[in-house]
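Residue numbers begin at 1 in each chain, while the letters A, B, ... track the order of the sequences. The figures that follow rest on heavy atoms only: side chains count, while hydrogens, waters and symmetry mates do not. Treat the numbers as computed from the prediction; the structure is a model and nothing was measured.
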Amino acid sequence: MRSDTIVADLNPRQAEAVLHTEGPLLVLAGAGSGKTRVITRRIAYLIDHCGVPPWNILAVTFTNKAAGEMKRRVADLLGQNGSEPGLRDSGSVWVGTFHSTCVRILRKHGAALGIKSSFVIYDDGDQLSLMRDCLRAQGLSERSLNPRAILSRISRAKNELLTAEEYTLQANDRMEERTAKLYLMYQERLDSLQALDFDDLLMATVRLFEQHPEALAAYQDLWRYILVDEYQDTNHAQYRLVHLLTGNHGNLCVVGDDDQSIYRWRGADLNNILDFERDHSGCIVIRLEQNYRSTQQILQGAGGVVAHNYGRKGKTLWTENEVGDPIVLYRALDENDEALFAARTIQGRAADGGTGYDDYAIFYRTNAQSRVLEEALRQALIPYVIVGGLRFYERKEIKDLLAYLRWVVNPADSVSFKRLVNAPTRGIGPATIAKLELLAMQGKTTIWEACQRAVREKLLNTKQQAAMEGLLRLIEEVRSKTALSPISDLIGELITGSGYAEELEHERTPEAESRLENLKELVTAAQEFAERNGDGGLAAFLDSVALVSDLDEYAEGRGVVTLMTLHTAKGLEFDTVFMVGLEEGIFPHALAMPDERELEEERRLCYVGMTRARRRLYLASARQRRLYGNRSFNLPSRFLDEIPPDVLQVRDPWESRSVAPPPSTPSRPQHHDGEPFVDRLFPGARIRHPDFGVGVIRERSGSGDDLKVVVRFKAAGEKKLMVKYAQLEQA
DNA sequence: TTGCCAGTAAACTAT
DNA sequence: TTACTGGCAA
């Protein structure tokens, strides 16, 4: 294919991004500007026109789904002109997420760091139980120290590439010192379990490359052209990794949109994209500002919102698409009315013909909001699918079974052992487990060897002895077959051999039945995995399971309405989009409101949601809603005020009727003086406390004498206070 | 050791 | 509202 034909249907900016192959390149790609098209075309161009062997190209995406999509499209492009196979085999372009790429590297070269190739990946459930162990071991109660908070601090440290030792050195308040102690212990245990958490995958790979130049050189040599998608959502560790890999050749193309950065809370550093030009001399910047997705009014609406942010590069999207319909805002009575509005609108439009259910998506800020929507859709007999929420691989029964598999692969994995040992119940409780762990610790052996020794030397009580013997026999049996039998057979053997199926069948409840169904589904998943990846082996299956995201399980074209969080919606598009819960405290979320940077992130999230819509965009807010048990009255989201009024059509069927909140529990702080003080105590409000000083309200619950608020104080941290006793005053 | 109950805490996004 | 812990009895 000649270079003028490969870019013939691209606009000049897009073509430039495809053809500029050497050196650093930053593509600022606005929403709907044909980003994936550019990336795939660029890969095809490198292979086809520049004669770059496909294996010399690394493309990093944000999700496995995006990776799959990209591979498919590159294959299509290369397949179009039949020439000799082999060289243009797109299958050998490595397209993956940061995490899957790191797993691949570590499985191969981790030994240099003392990481066995059989290491397991711990997800956040595993992390949590490990952290709980650490807390207990240090004599701390979960009441005094939230293990999730500790883990999130550790995660932040790891994203900054701070080891436990380094973190300890720079800890300078009480909380950080405590975190440091726990980080040290947590990491020590992870190491001894031969387990890596998500952040370790990145951190260990960086360490590998920094300490073993020969390993780095091998990959620099392999990947001569590197592409990173969604660059605005990379964290420091990822930045460092990319930097190392491109160190010798500088052929780095990053694609991103600062306005779509929505993962700050996960360590993403917007500066990676904002400072890209500064960090890479001779860098070319290309802006893709023509939008091919949305109508003019939708684009104007979204642009109006995001224009209220300060920290941005500044882009103005334009489109040649039709003007389209105005954005519709529905002011609902409550969350049920809001859900009903969406259901009725979808029903009406779908009945008119022209559009199928596939064309509709409903986005919400938090998963908890999905329930009411589900009910409304179910009652309206509208088929739907929820993407996200409780994931398949996070269900209890699935995690239990995976624990068996993980123990088969990695005999040192005591977190998995503790999970499976009493699932189903075998009469082996905390006391016995403690005994076995002690045994392992004293003998400096794996938990597997400790169990074996306990059985051999008859160290357990008769009942436990018998149960343990059976368990070990099962694991050994399955372990001996791993190389020969299909994974699905191994899973089948574990489901029956462990007595798991029997216990569930015995229960005779609908829940138990659905759990059995899920386990069967796991067998199917293993079969599909084998078909896709050949004999990747058990470890590869477990990797893929650990790294799947919500979105990966989402497939288009099922004739159903899609429900998902705004975060999950990134990268997708729909003909018609509903965004619900546009209220202060919900979206923007109450926890984000006091911090200007977090507020800007919420605004970007709003922008991302709006720009998913091709032709129709419906927004909804409710005057009151029940949330977490109690009713709240929220003001319409500030983002609604930021949409240019001339592209917004407001529908408010309840306007004339008396639906104002009762005077005792009104909405957010309104700044007129006659208002009772308690009526100002809503998230975002600043108050003064006699002991703690000035703070910002994060949450409000209860009413009357029972009214409670959670306040974040500068010095004292977060406190939950009874308003009745706390002597709060206006700050 | 298990299973039940009651009380309570947390309730945002996720590779 | 839900999910989970911790205490307690069998």
Please pick, from [options], the nucleotide with the shortest atom-to-atom distance to any side-chain atom of [X].
X        : options               : result
A:Thr366 : B:dC12, B:dG3, B:dT15 : B:dC12
A:Arg365 : B:dT2, B:dT13, B:dT15 : B:dT13
A:Arg266 : B:dT2, B:dA14, C:dT5  : B:dA14
A:Thr425 : B:dA14, B:dT2, C:dT2  : B:dT2

Does [X] place a side-chain N or O at less than 4.0 Å from the phosphate oxygens OP1/OP2 of [N]?
X        : N      : value
A:Thr63  : B:dT15 : no
A:Asn422 : B:dT2  : yes
A:Asn367 : B:dT13 : yes
A:Arg148 : B:dA10 : no
A:Arg264 : B:dT13 : no
A:Thr568 : B:dA14 : yes

Handout entry: Minimum heavy-atom distance A:Val103-A:Ile121, with the two atoms named
Key =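 What the structure gives for the nearest pair is CG2-CD1, 3.8 Å.
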Fill in the blank from the handout: Minimal heavy-atom distance between A:Asn235 and A:Gln238, with the atoms involved, is N-OE1, 2.8 Å
Problem - Given DNA chain B, 5'-ward residue of the pair A:Gln464 and A:Glu601, judged by closest heavy atom - result: A:Gln464
Practice task
Select from A:His99 and A:Ile433 the residue whose nearest nucleotide in DNA chain B is closer to the 5' end of that strand.
Solution key: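 The residue closer to the strand's 5' end, by nearest nucleotide, is A:Ile433.
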Give the rounded distance in Å between these two atoms: [atom1] of [X] and [atom2] of [N].
X        : N      : atom1 : atom2 : value
A:Leu591 : B:dA14 : CG    : C1'   : 16 Å
A:Glu600 : B:dT13 : CD    : P     : 22 Å
A:Lys570 : B:dA14 : NZ    : C1'   : 11 Å
A:Arg132 : C:dT5  : CZ    : C1'   : 9 Å
A:Arg604 : B:dT13 : CZ    : P     : 18 Å
A:Met468 : B:dT1  : CE    : C1'   : 14 Å
A:Asp133 : C:dT5  : CG    : P     : 12 Å
A:Arg371 : B:dA11 : CZ    : P     : 18 Å

Under 4.0 Å, counting only non-hydrogen atoms across every strand here, what does [X] touch: a base, just sugar-phosphate, or nothing?
X        : result
A:Ile262 : nothing
A:His589 : sugar-phosphate
A:Ala431 : sugar-phosphate
A:Ser100 : nothing

Problem - C1' gap between C:dC4 and B:dT13, integer Å - result: 22 Å
Practice task
Please answer whether the main-chain N or O of A:Asp413 pairs with a side-chain N or O of A:Ser416 as donor and acceptor at a distance below 3.5 Å.
Solution key: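 No: the side chain of A:Ser416 does not pair with the backbone of A:Asp413.
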Practice task
Return the set of residues passing side-chain contact (heavy atoms from CB on, under 4.5 Å) with A:Asp337 (not counting sequence neighbours), or none when no residue passes.
Solution key: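 A:Asp337 satisfies side-chain contact (heavy atoms from CB on, under 4.5 Å) with A:Tyr330, A:Ala332, A:Leu333, A:Asp334, A:Arg344, A:Trp654 once adjacent residues are dropped.
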Handout entry: Counterpart residues, side-chain contact (heavy atoms from CB on, under 4.5 Å), relative to A:Glu503 (two or more places apart)
Key =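 So A:Glu503 forms a side-chain contact (heavy atoms from CB on, under 4.5 Å) with A:Pro424, A:Thr425.
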Problem - Aromatic stack A:Phe98/B:dT15: centroid gap under 5.5 Å, interplanar angle under 30° - result: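 Whether judged by distance or by angle, A:Phe98 falls short somewhere, so it does not stack on the base of B:dT15.
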Practice task
Please determine if A:Arg312 and A:Asp259 form a salt bridge, counting it only when a charged side-chain N lies under 4.0 Å from a carboxylate O.
Solution key: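 The answer is yes: the pair qualifies as a salt bridge.
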